[in-house]
Amino acid sequence: MSELPRPALSVVAPCYNEQEVLPEFLRRVGAVLDAAGGIAEVVLVDDGSRDRTWEVMTAAAAADPRIVAVRLMRNHGHQLALTAGLSVCRGERILIIDADLQDPPELLPDMMALMDQGADVVYGQRRQRDGESLFKRATAAGFYRLINRLTDVDIPADAGDFRLVTRRVLDLLLAMPERHRFIRGMVAWIGGRQVPLIYDRHARVAGESKYPLSKMIRFAADAITAFSVVPLMASMTIGWVMAGVGLGFFIYSMVGWVMHSNLPGWTSLMAALGLLGGMQFLMLGIIGAYLGRLYDQSKGRPLFMIRDIVGGPK
Ligand code: UDP
Ligand code: MG
């Protein structure tokens with residue numbers, strides 16, 4: 001299979017219970033690919049759907065040789081379903097898109113044009129979000145503000161996973177072995193030339209959002225813990241503060257003891273409480289600091305990624 005020429009473009013879409021939108025999605029993507037020309041493939045990942053998504057996919061794959069249907073053993077969630085699709089696709093450029101048509105596939109030519117001008121990543125940035133509740137928009141806005149304060153990676157606000165990436169960026173992404181995957185953050189972390197394309201996000205064509213609040217919270221927790229050790233480092237700061245407070249208590253109780261102003265038994269109690277409490281917090285902070293380093297190490301990310309090397313012996 002590897003001898004076959006790579007398609008110029010792969011479109012990768014994770015699908016969870018998307019039987020209503022899939023035919024329309026494939027129709028619109030097909031039209032865009034026909035207009036663009038060149039060899040393309042569409043990789044659809046069935047993320048353990050409970051409706052007829054898989055049947056729709058396999059029928060489509062039988063009718064159109066460009067379509068590749070992949071079925072996961074069970075529901076793994078959006079980010080892992082997408083990762084599965086990305087590891088199967090073979091294109092030189094890869095369009096990541098949701099199956100619900102919230103992100104218009106018709107933007108592909110514009111994204112391709114920006115990539116022709118040298119972009120490594122062209123990401124869709126939402127100007128407007130139709131058909132999404134105020135709650136969803138407010139939580140999303142708050143989330144991106146928070147994550148950008150907590151991390152040193154520049155993760156663009158109002159951008160989802162809708163983006164066109166080069167094979168080179170995709171290979172770097174797939175080489176990151178971390179288990180909790182926050183793909184838009186990982187792509188931002190890779191760097192290179194990342195160019196936004198402003199667009200209006202539409203309402204879902206059919207079906208409903210597969211991101212209930214519980215999944216959104218898990219997603220946010222994954223994002224923050226994957227890109228920030230600030231919460232861990234906070235334990236170090238708190239540790240120092242509490243060690244100081246504890247020492248203060250210790251000194252205060254000792255001074256009282258020397259001046260004979262303490263109730264009997266109070267001194268030993270407060271001195272022990274102050275010292276032990278303070279030390280415990282400090283030790284937790286120290287453990288936190290080592291854990292943070294261990295965590296960073298265990299993510300196994302590359303230390304650096306070389307873009308180009310120029311010169312040297314020929
Ligand atoms: N999705 C998935 N597995 C899941 C949840 C969602 O593959 O467990 C897919 C879904 O089919 C869609 C995309 O991920 O193509 C984005 O999900 P959704 O539209 O429900 O999220 P929202 O746009 O509401 O944030
Ligand atoms: Mg959606």
Side-chain angles (χ1 to χ4, degrees), residues 10-29 42-57 60 67-89 94-107 123-144 147 155-163 179-187 199-223:
S10 296
V11 178
V12 180
C15 310
Y16 179 52
N17 296 343
E18 302 286 12
Q19 60 176 16
E20 288 107 340
V21 283
L22 260 180
E24 175 68 2
F25 173 77
L26 289 172
R27 193 190 61 72
R28 277 175 58 184
V29 169
V42 181
V43 178
L44 303 170
V45 183
D46 175 10
D47 186 16
S49 297
R50 275 184 292 253
D51 64 357
R52 295 183 46 79
T53 296
W54 179 244
E55 283 75 10
V56 176
M57 276 184 187
I67 297 176
V68 181
V70 179
R71 175 153 68 157
L72 302 187
M73 295 292 271
R74 61 172 172 84
N75 179 250
H76 284 272
H78 179 198
Q79 300 287 297
L80 292 184
L82 179 54
T83 306
L86 292 175
S87 66
V88 168
C89 78
I94 300 93
L95 179 71
I96 301 174
I97 187 167
D98 287 350
D100 60 2
L101 290 170
Q102 283 196 279
D103 309 315
E106 290 76 18
L107 291 181
Y123 59 90
Q125 195 158 33
R126 303 152 187 171
R127 176 168 41 205
Q128 169 193 323
R129 302 161 70 119
D130 287 342
E132 289 187 306
S133 65
L134 186 63
F135 177 73
K136 176 119 192 174
R137 277 178 287 155
T139 45
F143 167 69
Y144 285 108
I147 187 139
I155 298 170
D158 298 323
D161 287 321
F162 179 44
R163 57 192 62 214
R179 302 187 60 83
H180 291 266
R181 300 181 85 80
F182 176 55
I183 291 174
R184 61 200 73 167
M186 292 162 75
V187 172
Y199 73 109
D200 294 323
R201 190 162 213 239
H202 302 290
R204 247 178 183 278
V205 166
E208 54 195 30
S209 172
K210 276 78 190 181
Y211 265 98
L213 185 62
S214 58
K215 269 196 196 170
M216 274 163 66
I217 291 175
R218 230 184 306 154
F219 183 67
D222 275 354

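Ligands are counted one by one from 1 in listed order, and the atoms in each one are counted from 1 as well. If you read the sequence from its start, that first residue is 1, and numbering goes on from there.
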Single hit among V68, L26, V70, V12 for side chain to side chain contact (heavy atoms under 4.5 Å, CB included) with L44: L26
re atom 21 (O) of ligand 1, the protein heavy-atom contact at minimum distance is Y211 CD1, 3.2 Å
Heavy-atom distances under 4.0 Å are what count here, so tell me which part of C15 touches ligand 1: side chain, backbone, both or neither. backbone
First locate atom CG of L86, then atom CD1 of I96, and finally report the distance between them rounded to the nearest 0.5 Å. 4.5 Å
For atom 19 (O) of ligand 1, what is the nearest protein heavy atom, given as residue, atom name and distance? D100 OD2, 2.6 Å
Of all the atoms in ligand 1, which lie at a distance below 4.0 Å from a heavy atom belonging to A99? 15 (O)
Per-atom contacts, ligand 1 versus R204 - under 4.0 Å to a heavy atom: 18 (P), 19 (O), 20 (O)
At the 4.0 Å heavy-atom cut-off, does K215 count as touching ligand 1? yes
Are any of the N/O atoms on A81, whether in the backbone or the side chain, positioned under 3.5 angstrom from an N/O atom of ligand 1? no
Answer side chain, backbone, both or neither: which part of E18 comes under 4.0 Å from ligand 1, heavy atoms only. side chain
The option among Q79, K210, M216, H78 carrying the non-hydrogen atom nearest to atom 20 (O) of ligand 1 is K210
Between G207 and E20, the two heavy atoms sitting closest are CA-OE1, 4.2 Å
Nearest-0.5 Å distance that lies between atom NE2 in H202 and atom CG in D100: 11.5 Å
If you measure from each non-hydrogen atom of N75 to ligand 1, which part falls under 4.0 Å: side chain, backbone, both or neither? side chain
Do R204 and E18 meet the salt-bridge criterion of a basic N to acidic O distance under 4.0 Å? yes
Yes or no: does K136 have any heavy atom under 4.0 Å from an atom of ligand 1? yes
I need the contact type for D47 against ligand 1. Using non-hydrogen atoms and a strict under-4.0 Å cut-off, is it side chain, backbone, both or neither? side chain
Using 0.5 Å steps for rounding, measure from the CZ atom of R181 to the CD atom of Q79. 9.0 Å
Using a cut-off of 6.0 Å, state whether more than 12 heavy atoms not belonging to R137 lie near its atom CZ. yes
Less than 4.5 Å apart, side chain to side chain, heavy atoms only: is that true for L72 and V45? yes
Would D103 and R201 pass as an ion pair if we require N to O under 4.0 Å? yes
Is it the case that the side chain of Y144 and the backbone of A159 share a donor-acceptor pair, with hydrogens and angles ignored and the cut-off at 3.5 Å? yes
May I ask you to decide if the ring planes of F219 and F143 are parallel, tilted or perpendicular, using 30° and 60° as cut-offs? tilted
Regarding atom 1 (N) of ligand 1: of the candidates F25, F162, Y16, which has the closest heavy atom? Y16
Return the CZ to OH distance between R126 and Y199, rounded to the nearest 0.5 Å. 4.5 Å
Say you draw a straight line from CD1 of I147 to CD1 of I155; how long is it, rounded to the nearest 0.5 Å? 4.0 Å
Determine whether I97 and F25 make a side-chain contact, defined as any pair of heavy atoms from C-beta on separated by less than 4.5 Å. yes
Rounded to the nearest 0.5 Å, how far apart are CZ of R71 and CE of M57? 9.5 Å
Side chain or backbone of Q102 under 4.0 Å from ligand 1, or both, or neither, by non-hydrogen atoms? side chain
In the protein, what heavy atom is nearest to atom 16 (C) of ligand 1, and what distance, to one decimal place, separates them? D98 OD2, 3.3 Å
Nearest non-hydrogen protein atom to atom 15 (O) of ligand 1, with distance, is P14 O, 2.7 Å
For the Mg ion (ligand 2), which protein N/O/S atoms fall under 2.8 Å? Skip waters. D100 OD2, Q102 OE1
Side chain, backbone, both or neither: which applies to R201 and ligand 1 if a contact is any heavy-atom pair less than 4.0 Å apart? side chain
S209 neighbourhood, listing ligand 1 atoms whose heavy-atom distance to it stays under 4.0 Å: 20 (O), 21 (O), 22 (P), 24 (O)
